[in-house]
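Keep in mind the model is a prediction, meaning the values are calculated, not measured.
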Amino acid sequence: MIQPNIMQRTLVKSALNASGPSDAILLQGWVRTRRDAKAFSFIELNDGSCLKGMQIIVDATLPDYANVLHANTGASIEVRGKLVESKGGGQKWEVVAEQFTVLGETDATYPLQKKGHSLEFLREIAHLRPRSNLFGAVFRVRSRLAYAIHQFFQDKGFFYVHPPIITASDCEGAGEMFRVSTLDQKKPPLTPDGEVDHTQDFFAKPTYLTVSGQLEAEIFACALSNVYTFGPTFRAENSNTSRHASEFWMIEPEIAFCDLNGNMDLAEEFVKYLIRDVKEHCAGDLEFFSKFVDKELLGRLDFVLEKPFVRCSYTEAIAILTASGKTWEHNVAWGDNLQSEHERFLAEEHFKCPVTLYNYPRSLKPFYMRVNENCEPDRETVCAMDLLVPGIGEIIGGSQREERLDVLRENMARHHLSEKDYWWYLDLRRYGTVPHSGFGLGFERMLMFVTGVANIRDVIPFARTPGTAEF
RNA sequence: UGCCCGGUAGCUCAGUGGCAGAGCAGGUGACUGUUAAUCACUUGGUCGCUGGUUCGACCCCAGCCCGGGCAGCCA
């Protein structure tokens with residue numbers, strides 16, 4: 001006999017993997033679709049535990065059968081019954097209901113239907129889209145990817161550090177920042193000069209949302225040796241592309257006693273580890289992406305796993321681009337930034353493989369990157385590296401940091417940065433300085449690469465982009 | 001921010017200077033161990049907003065709003 005009150009809920013995922021039938025099973029979830037026959041109804045129940053749903057059979061003679069007619073697409077239901085081998089062709093197991101309850105009905109206004117929704121429409125109903133096949137899969141993979149990131153670093157003895165989200169460093173060189181303030185916006189206190197008096201603000205100085213935890217991570221690398229951060233970052237740039245968001249998550253390892261080569265090795269190992277982990281633990285979801293989102297996904301992931309990433313210096317890259325005979329929209333010359341079209345050509349056409357570009361011109365890069373010795377005159381470079389992947393472009397940016405106090409001070413002067421604002425950063429070079437390196441991986445960009453989903457707004461639960469902060 | 005494309009039923013879209021359309025969803029009925037079931041019938045419209053041209057505008061023009069793509073910035 002069923003004993004409803006002590007019966008444990010079974011997730012669809014484990015029910016589908018059952019090794020044998022069961023006389024008593026409890027499932028809870030949402031109706032994906034219902035097909036009524038004269039003598040019984042088929043219901044597909046999905047609870048988000050995996051892509052697939054469980055087929056429920058409800059016989060018309062069941063006392064609860066009247067409830068079934070209220071179980072429309074989207075309704076939440078609870079089913080108690082027997083897990084049996086399916087008589088139909090599409091699935092191994094199905095549940096013959098003995099009790100059937102509708103917990104929450106839906107009506108004709110329920111926006112999610114059984115087919116034909118555009119990603120743009122689903123973005124507008126971000127509170128319901130996790131119930132769709134695609135977004136259920138995306139967010140299961142997102143969860144696994146986050147777990148795999150911790151596992152990778154923890155297994156290597158890295159420590160997880162939490163840099164501040166509110167920061168007073170106003171020129172970390174990574175773009176426009178969001179202001180954090182409790183001052184009255186209409187009537188801020190003013191100094192005698194008529195400027196806003198930040199000494200009266202909450203932190204007694206101007207503060208912002210962080211654009212990077214790197215500088216703080218360096219502090220901890222110079223103490224715990226190997227560390228990583230993993231948290232939200234904020235950029236107030238007015239970027240309107242499929243791969244930029246105003247709020248995104250970033251992973252930033254920082255390694256003491258490590259040069260640029262070690263940094264590039266770690267980045268490559270990291271990316272491959274994550275792909276391998278998701279392939280192993282999210283196989284069903286990846287199959288779905290490969291079928292409906294990007295037919296070449298699985299092949300591309302295998303390809304990336306098999307081949308060593310190409311390493312190519314900036315100077316070599318310029319030579320390749322110049323020799324390609326292509327006409328570029330943006331000019332190619334040593335000392336200029338590589339544009340999207342150049343990076344795409346290198347990764348997608350020339351090498352057809354992930355590419356790590358390194359040793360960029362000093363003038364293009366931030367103050368904290370280590371200046372290379374033995375450069376050609378007027379062609380000074382720094383120990384910077386960018387990892388480009390086909391289809392997305394830059395997924396990792398990193399560098400060896402300048403550990404020499406005098407060179408760092410000279411760099412800061414070139415960038416018009418005040419030593420007073422960075423006194424603690426300079427102290428790291430005054431007291432027991434060490435060569436150290438690190439990089440930043442865009443979490444959502446990695447998720448795009450692994451799922452084949454083309455727009456960053458579709459791999460973030462509630463995306464923040466210029467003009468949009470709904471939910 | 002610049003350039004380009006789009007906005008017509010709940011959703012996906014077609015359409016023409018002269019009566020507003022289809023498929024799916026919803027509703028009703030039939031049928032069926034079904035699989036995005038199938039079949040018949042059926043409800044459903046501020047054609048993004050404002051103004052202009054015209055006898056007449058969903059259609060042409062202007063401005064605005066919203067969505068998307070690409071570029072720049074970067075993760």
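Between A/Glu444 and A/Arg142, at least one side-chain N (NZ, or NE/NH1/NH2) sits under 4.0 Å from a carboxylate O, which counts as a salt bridge. Under 4.0 Å is where a charged nitrogen must lie from a carboxylate oxygen, and between A/Glu380 and A/Arg414 at least one such pair does. At a threshold of 4.0 Å, the pair A/Asp285-A/Arg144 does not count as salt-bridged, since none of the basic side-chain nitrogens sits closer than that to a carboxylate oxygen.
The nucleotide B/C49 finds its pairing partner in B/G63, both defining distances of the Watson-Crick or G-U wobble pair being shorter than 3.5 Å. When both pairing distances are held under 3.5 Å, B/G21 makes a Watson-Crick or G-U pair with B/C13. Pairing for B/C3 goes to B/G69, judged as Watson-Crick or G-U wobble with the two contacts each under 3.5 Å. Across the strands present, B/U38 finds its partner in B/A30; the criterion is a Watson-Crick or G-U wobble pair with both atom distances under 3.5 angstrom.
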Working for salt bridge (charged side-chain N to carboxylate O under 4.0 Å, His left out), residues A/Arg370 and A/Asp259: CA-CA 10 Å; A/Arg370 191 180 198 279; A/Asp259 64 11; over 6 Å; no
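Closest heavy-atom contact between A/Phe449 and A/Leu301: O-CD2, 3.9 Å. For the pair A/Val389 and A/Pro354, the tightest heavy-atom approach, listed with the atom from each and the gap, is CG1-CB, 4.3 Å. Considering every non-hydrogen atom in both A/Leu16 and A/Trp93, the closest pair reads O-CD1, 3.4 Å.
Protein atom CD1 of A/Ile125 is 15 Å distant from nucleotide atom C1' of B/G67, rounded to whole Å. Between A/Phe270 atom CZ and B/A75 atom C1' the separation is 12 Å, expressed in whole Å. At whole-Å resolution of the value, CG in A/Leu128 and P in B/C11 are 13 Å apart. If you take CD of A/Gln113 and P of B/A9, they are 13 Å apart, rounded to a whole angstrom. Atom CG of A/Asn331 is separated from atom P of B/G72 by 14 Å (rounded to the nearest Å). In this structure, the CG atom of A/Leu274 is 14 Å from the C1' atom of B/A75, given to the nearest Å. The CZ atom of A/Phe234 sits 16 Å away from the P atom of B/A75 (whole-angstrom rounding). Straight-line distance from the CZ atom of A/Phe121 to the P atom of B/A25: 15 Å, rounded to whole Å.
Taking the C1' atom of each, B/U54 and B/G23 are spaced 35 Å apart, rounded to whole Å. Taking atom C1' on both nucleotides, B/G72 is separated from B/U1 by 8 Å, rounded to a whole Å. The separation of B/C24 from B/C39, taken at their P atoms, amounts to 7 Å, rounded to a whole angstrom. Atom C1' of B/C60 sits at a distance of 16 Å from the matching atom of B/C47, rounded to the whole Å. Taking atom P in both B/C11 and B/G18, the straight-line distance is 27 Å, to the nearest Å. Spacing of P atoms, B/C19 relative to B/A57, comes out at 12 Å, to the nearest Å. Nucleotides B/G15 and B/G33 have their P atoms positioned 42 Å apart, rounded to a whole Å. Comparing B/U46 with B/A20, their C1' atoms are spaced 13 Å from each other, to the whole Å.
The side chain of A/Thr109 places no N or O atom within less than 4.0 Å of a non-bridging phosphate oxygen (OP1 or OP2) of B/G10.
Residue A/Phe248 is classed as a base contact, given a heavy-atom separation below 4.0 Å to a base. The residue A/Leu112 sits apart from the nucleic acid: no heavy atom pair falls under 4.0 Å. Residue A/Leu441 is classed as having no contact, given no heavy-atom separation below 4.0 Å to the nucleic acid.
Residue A/His117 places no side-chain atom within donor-acceptor reach of the base of B/C11, judged by atom type and a 3.5 Å distance cut-off alone.
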Please list, pair by pair, any protein nitrogen or oxygen found under 3.5 Å from a nitrogen or oxygen in nucleotides 68-71 of chain B.
| residue | atom | partner | partner atom | Å |
| --- | --- | --- | --- | --- |
| B/G68 | OP1 | A/Arg123 | NH1 | 3.2 |
| B/G69 | OP1 | A/Asn455 | ND2 | 2.5 |
| B/G69 | OP2 | A/Arg457 | NH2 | 2.7 |
| B/C70 | OP2 | A/Ser242 | OG | 3.1 |
| B/C70 | N4 | A/Asn240 | O | 3.0 |
| B/A71 | OP1 | A/Arg344 | NH1 | 2.7 |
| B/A71 | OP2 | A/Arg243 | NH1 | 3.4 |
| B/A71 | N6 | A/Asn240 | O | 3.4 |

Protein and nucleotides 28-35 of chain B: nitrogen or oxygen contacts under 3.5 angstrom:
| residue | atom | partner | partner atom | Å |
| --- | --- | --- | --- | --- |
| B/C31 | OP2 | A/Lys38 | NZ | 3.1 |
| B/U32 | N3 | A/Asp36 | O | 3.2 |
| B/U32 | O4 | A/Asp36 | O | 2.5 |
| B/U32 | O4 | A/Ala37 | N | 3.2 |
| B/U32 | O4 | A/Lys38 | N | 3.1 |
| B/G33 | O6 | A/Lys87 | NZ | 3.3 |
| B/G33 | N1 | A/Glu94 | OE1 | 3.4 |
| B/G33 | N1 | A/Glu94 | OE2 | 2.6 |
| B/G33 | N2 | A/Gln55 | NE2 | 2.9 |
| B/G33 | N2 | A/Ser86 | OG | 3.3 |
| B/G33 | N2 | A/Gly88 | N | 3.4 |
| B/G33 | N2 | A/Glu94 | OE1 | 2.4 |
| B/G33 | N2 | A/Glu94 | OE2 | 3.3 |
| B/U34 | O2' | A/Arg35 | NE | 3.1 |
| B/U34 | O2 | A/Arg35 | NE | 2.7 |
| B/U34 | O2 | A/Arg35 | NH2 | 2.9 |
| B/U34 | N3 | A/Gln55 | OE1 | 2.9 |
| B/U34 | N3 | A/Gln55 | NE2 | 3.0 |
| B/U34 | O4 | A/Gln55 | NE2 | 2.6 |
| B/U34 | O4 | A/Gln91 | NE2 | 3.1 |
| B/U35 | O2 | A/Gln91 | OE1 | 3.2 |
| B/U35 | N3 | A/Gln91 | OE1 | 3.2 |
| B/U35 | O4 | A/Gly89 | N | 2.7 |
| B/U35 | O4 | A/Gly90 | N | 3.2 |

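Residues A/Tyr228 and A/Gln154 have side chains that bring a donor and an acceptor to within less than 3.5 angstrom of each other.
Residue-environment remark: NZ (A/Lys87) stays at or below the threshold of 12 foreign heavy atoms within 6.0 Å.
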Identify all side-chain donor-acceptor contacts of residues 264-272 of chain A below 3.5 Å with residues at least two apart in sequence or on another chain.
| residue | atom | partner | partner atom | Å |
| --- | --- | --- | --- | --- |
| A/Asp265 | OD1 | A/Arg311 | NH1 | 3.1 |
| A/Asp265 | OD1 | A/Arg311 | NH2 | 2.8 |
| A/Glu268 | OE1 | A/Arg311 | NH2 | 3.4 |
| A/Glu268 | OE2 | A/Lys272 | NZ | 3.0 |
| A/Glu268 | OE2 | A/Phe309 | N | 3.0 |
| A/Glu269 | OE1 | A/Lys156 | NZ | 3.4 |
| A/Glu269 | OE2 | A/Lys156 | NZ | 2.8 |
| A/Lys272 | NZ | A/Lys307 | O | 2.8 |

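With B/C73, B/G26, B/U12 as the choices, the nucleotide that has an atom nearest any side-chain atom of A/Ala108 turns out to be B/G26.
Panel note: side chain A/Thr451, backbone A/Val138; no donor-acceptor pair is recorded below 3.5 Å.
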